[in-house]
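What follows is a short report on a single structure.
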There are 2 protein chains.
Amino acid sequence: MRTAKRITAADVARLARVSTATVSLIVNGKADGRVSAGTRARVLAAVDELGYRVDAVARELATGRRHGVGLIVPDLANPYFSQLTQGVAAGLGGGHRLSLIIADPVRDPDPGSLDRLLAGGVAGILAEAPAADLIRELDGRAPVVVLDRPSPEADHPYVGFALDDGALALADHLLGLGHTRIGYLDADIGAPTFEVRRARMERRLREAAGHGFTGPAVRCRTDIDAAAEAFAARWDAWRAAGVTALVCAADVHAYGVLRAAGRLGVAVPGELSVAAFDDLPFSAVTGPPLTTVRLSAFDLGFRAAELLVGVMGGRPMDAAVPLLPATLRVRGSTAPPAGPSEPRPGAGAGGAR
Amino acid sequence: MRTAKRITAADVARLARVSTATVSLIVNGKADGRVSAGTRARVLAAVDELGYRVDAVARELATGRRHGVGLIVPDLANPYFSQLTQGVAAGLGGGHRLSLIIADPVRDPDPGSLDRLLAGGVAGILAEAPAADLIRELDGRAPVVVLDRPSPEADHPYVGFALDDGALALADHLLGLGHTRIGYLDADIGAPTFEVRRARMERRLREAAGHGFTGPAVRCRTDIDAAAEAFAARWDAWRAAGVTALVCAADVHAYGVLRAAGRLGVAVPGELSVAAFDDLPFSAVTGPPLTTVRLSAFDLGFRAAELLVGVMGGRPMDAAVPLLPATLRVRGSTAPPAGPSEPRPGAGAGGAR
DNA sequence: GTGAAAGCGCTAACAC
DNA sequence: GTGTTAGCGCTTTCAC
């Protein structure tokens with residue numbers, strides 16, 4: 001906790017027989033014509049000998065400039081968020097350090113950790129789908145860019161996906177295959193992105209089939225195990241309701257469904273088609289490969305980071321950032337429903353594209 | 001970049017008609033019996049009215065205490081590292097902020113980003129499999145804990161897995177199934193963890209079968225696409241060499257192999273058994289589910305973080321940290337080799353446990 | 001060219 | 001109880 005005694009600019013100055021001002025100029029490369037070659041060499045030698053490094057904390061205090069960017073995400077175990085983080089890191093480019101707050105998606109981050117984040121010399125904040133409370137809490141503390149949801153509470157600039165397109169495409173895909181009774185496995189948090197995914201699909205189903213989703217409304221954590229359990233517990237009810245296709249709010253849910261279906265002996269897509277949203281890299285290698293709506297979390301993070309850097313740099317934020325695409329990827333987990341009479345016809349089980 | 005004019009303790013002091021010292025005591029909860037209720041209330045009111053927040057940068061400068069922990073990881077797109085990061089966050093507990101450096105695994109992080117990391121009030125560093133150069137660079141700058149490899153260059157405490165156990169178990173599993181010609185798809189970076197995985201298995205194969213791995217030595221990036229390509233390019237050679245089982249250095253490689261095998265029409269495990277190391281959560285839902293050696297990256301991160309907190313707190317580091325377990329998970333991707341005469345016998349294709 | 005000195009915003013002795 | 005006063009380590013005018 002307590003840092004060992006550091007080497008300060010004063011130490012260097014003493015050894016090089018100059019003032020700390022000179023040391024500062026030199027280590028910051030601002031010594032153009034202002035410092036003689038001799039002095040410069042002496043100072044550099046001293047720096048080297050002592051192993052001096054400028055203390056950035058002191059530097060940030062002195063200059064008033066902060067170089068950190070804080071990222072608030074719910075859960076790095078979900079590849080969606082780690083891709084997003086990777087995108088943020090890339091979009092930030094050099095020159096910024098990235099501080100992470102992993103916040104329980106349900107509860108907002110505790111105020112302490114928020115303070116700690118802001119504490120670390122944070123000049124801007126990236127918040128993934130923050131709850132309204134958090135948005136308010138953040139507002140005014142530093143430039144903020146919101147990801148994956150609009151920020152009506154404080155109109156921060158935000159980046160998100162054209163979810164409508166994706167939801168529509170998925171609904172039409174399933175409808176086109178001949179499914180009419182479709183179940184939905186939702187996330188257990190009421191984030192806008194999940195609201196939209198479900199609501200938009202449901203509206204389309206209503207238009208086309210005269211009714212929305214079929215069977216029990218199920219919500220569960222975005223976690224393979226939780227989804228597997230949820231599916232196992234509800235499959236009977238869904239089947240009883242005649243469900244032939246199940247849409248999951250996120251790929252991770254679908255992974256759980258696939259696992260549980262395998263164990264229960266439910267053939268996918270023979271007996272049940274499964275589809276989802278996200279298109280994580282693993283969705284191409286599940287058994288069977290997953291039909292899903294691609295939402296590039298990497299791009300989302302990248303764009304958000306770029307935007308934040310711009311805003312921090314004083315660029316006026318045009319809140320109207322174009323939405324990122326959401327396009328359907330059809331793979332092996334969806335197929336036409338089995339005829340009611342013939343239990344399992346040809347069921348093209350699995351098989352990548 | 002430039003923070004808007006901040007509200008300082010002096011502002012609060014002025015408004016509350018007290019000194020900044022008093023403000024400091026109160027906002028830090030050190031006002032036990034030292035401050036009267038009246039003053040306290042006045043100050044709190046002023047804090048509220050002004051929206052004052054203590055500037056952590058200044059605070060860290062003043063106290064000399066740093067609360068940040070820096071984590072250096074190569075690639076958050078690999079779930080192994082995001083699980084690890086999640087574990088670190090959990091192990092750190094409240095009271096520390098986590099700064100991330102995502103460093104190209106090949107090149108070490110550029111000195112600039114390292115400086116920036118250290119700059120941000122970092123009191124300790126967690127480095128995932130740093131190259132020797134990096135270790136030296138880090139040494140002495142702050143307490144360091146190394147993950148996934150020993151740190152002979154500077155004997156920092158480190159945490160890792162009992163890889164020998166896992167490698168042995170996997171070798172024996174394959175041998176026991178009847179495979180004698182086994183291929184190996186390695187990572188393209190020479191990290192010790194990968195060295196050990198391969199070398200230990202190879203040694204066992206030598207003991208048991210009289211020869212090491214069969215077929216071309218292939219190395220590629222730890223990335224699904226790269227592995228798929230690598231497999232597609234080498235499968236002919238492996239098959240020609242009589243390979244019936246392929247071990248991958250990491251699950252992510254195996255995912256690529258699975259995908260490529262599917263597209264090439266290579267039956268797994270009928271024609272080729274596939275196994276790997278890591279046991280990421282997705283390995284239970286691949287088609288077929290993957291036989292792999294479980295290495296809990298979350299636990300690794302958690303333990304490392306605990307250790308670092310201890311070291312930073314001044315606890316003497318007993319470099320001898322027990323290794324984390326590496327246990328084999330047998331799933332559907334491995335099976336006995338097909339007899340040379342009968343192309344595809346019963347091949348229990350897929351099917352989770 | 002180089003140094004002196006005044007902060008940056010806060011904490012922590014030590015007075016009063 | 002509360003205020004005064006030094007710093008923390010650095011940057012940055014402004015003299016010399």
Side-chain angles (χ1 to χ4, degrees), chain A residues 1-14 16-43 46-47 50-67 115-116 118-123, chain B residues 1-14 16-44 46-47 50-67 115 118-123:
Chain A
M1 217 75 157
R2 168 149 273 120
T3 32
K5 72 174 180 328
R6 344 183 67 262
I7 293 129
T8 73
D11 297 329
V12 176
R14 202 172 309 123
R17 320 187 117 277
V18 298
S19 74
T20 62
T22 306
V23 173
S24 175
L25 287 182
I26 294 176
V27 299
N28 288 308
K30 293 179 182 166
D32 346 333
R34 314 155 86 333
V35 168
S36 73
T39 322
R40 192 189 145 76
R42 268 201 339 276
V43 170
V47 164
L50 264 26
Y52 168 72
R53 308 275 179 173
V54 344
D55 179 328
V57 172
R59 186 219 290 277
E60 296 201 336
L61 214 219
T63 59
R65 285 191 207 88
R66 304 294 144 100
H67 292 278
D115 284 342
R116 238 176 299 120
L118 276 315
V122 159
Chain B
M1 218 75 157
R2 166 149 274 120
T3 33
K5 70 176 184 325
R6 342 184 67 262
I7 292 128
T8 73
D11 298 329
V12 175
R14 202 171 311 121
R17 321 188 115 279
V18 297
S19 75
T20 63
T22 305
V23 173
S24 176
L25 286 182
I26 293 177
V27 300
N28 287 308
K30 292 179 182 164
D32 342 334
R34 314 155 88 328
V35 167
S36 73
T39 324
R40 193 189 144 77
R42 261 191 358 266
V43 170
L44 257 18
V47 164
L50 265 26
Y52 169 71
R53 308 274 179 175
V54 345
D55 180 328
V57 172
R59 185 218 290 277
E60 295 201 337
L61 214 218
T63 60
R65 285 189 207 90
R66 304 293 146 103
H67 293 278
D115 284 343
L118 276 315
V122 158

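Computed from a predicted structure; not experimentally measured.
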Might you point out which heavy atoms bring A:Ile7 and A:Gly51 nearest each other, and give the distance in Å? CD1-O, 4.1 Å
For the residue pair B:His67 and B:Glu60, what are the closest heavy atoms and their distance? N-OE2, 3.2 Å
Of all nucleotides in DNA chain D that come within under 4.0 Å of a heavy atom of chain B, which is furthest toward the 5' end and which toward the 3' end? D:dG1 to D:dG9
Between the opening five pairs and the closing five pairs of the helix from C:dG1-D:dC16 to C:dC16-D:dG1, how far apart are the helix axes, to 10°? 40°
Could you measure the distance from the OG1 atom of A:Thr8 to the CZ atom of A:Arg14? Nearest 0.5 Å is fine. 6.5 Å
Contacts of type side chain to side chain contact (heavy atoms under 4.5 Å, CB included), residue B:Ser19, not counting sequence neighbours: B:Ala21, B:Thr22
Checking B:Ala13 now: which residues fulfil side chain to side chain contact (heavy atoms under 4.5 Å, CB included) with it, not counting sequence neighbours? B:Val18, B:Thr20, B:Val23
A:Arg66 side chain reached by B:Asp55 side chain, heavy atoms, under 4.5 Å: yes
Under the side-chain contact (heavy atoms from CB on, under 4.5 Å) criterion, do A:Leu61 and A:Val57 qualify, and how do the steps go? CA-CA 6 Å; A:Leu61 214 219; A:Val57 172; 5.8 Å; no
What do you reckon, is CZ of B:Arg42 surrounded by more than 12 foreign heavy atoms closer than 6.0 Å? yes
Treating primed atoms plus P, OP1 and OP2 as sugar-phosphate and everything else as base, which nucleotides of nucleotides 7-16 of chain C get B, S or - for protein heavy atoms under 4.0 Å? BBBBSB----
Considering every strand and a 4.0 Å limit on heavy-atom distances, what is the contact class for B:Arg17: base, sugar-phosphate, or nothing? sugar-phosphate
Determine all donor-acceptor pairs shorter than 3.5 Å in which one atom belongs to a side chain in residues 26-35 of chain A; sequence neighbours excluded.
residue: A:Asn28; atom: OD1; partner: A:Arg59; partner atom: NH1; Å: 2.8
residue: A:Asn28; atom: ND2; partner: A:Ser24; partner atom: O; Å: 2.9
residue: A:Asn28; atom: ND2; partner: A:Ser24; partner atom: OG; Å: 3.4

Quick one: list whatever passes salt bridge (Lys or Arg N to Asp or Glu O under 4.0 Å) with B:Arg17, sequence neighbours left out. none
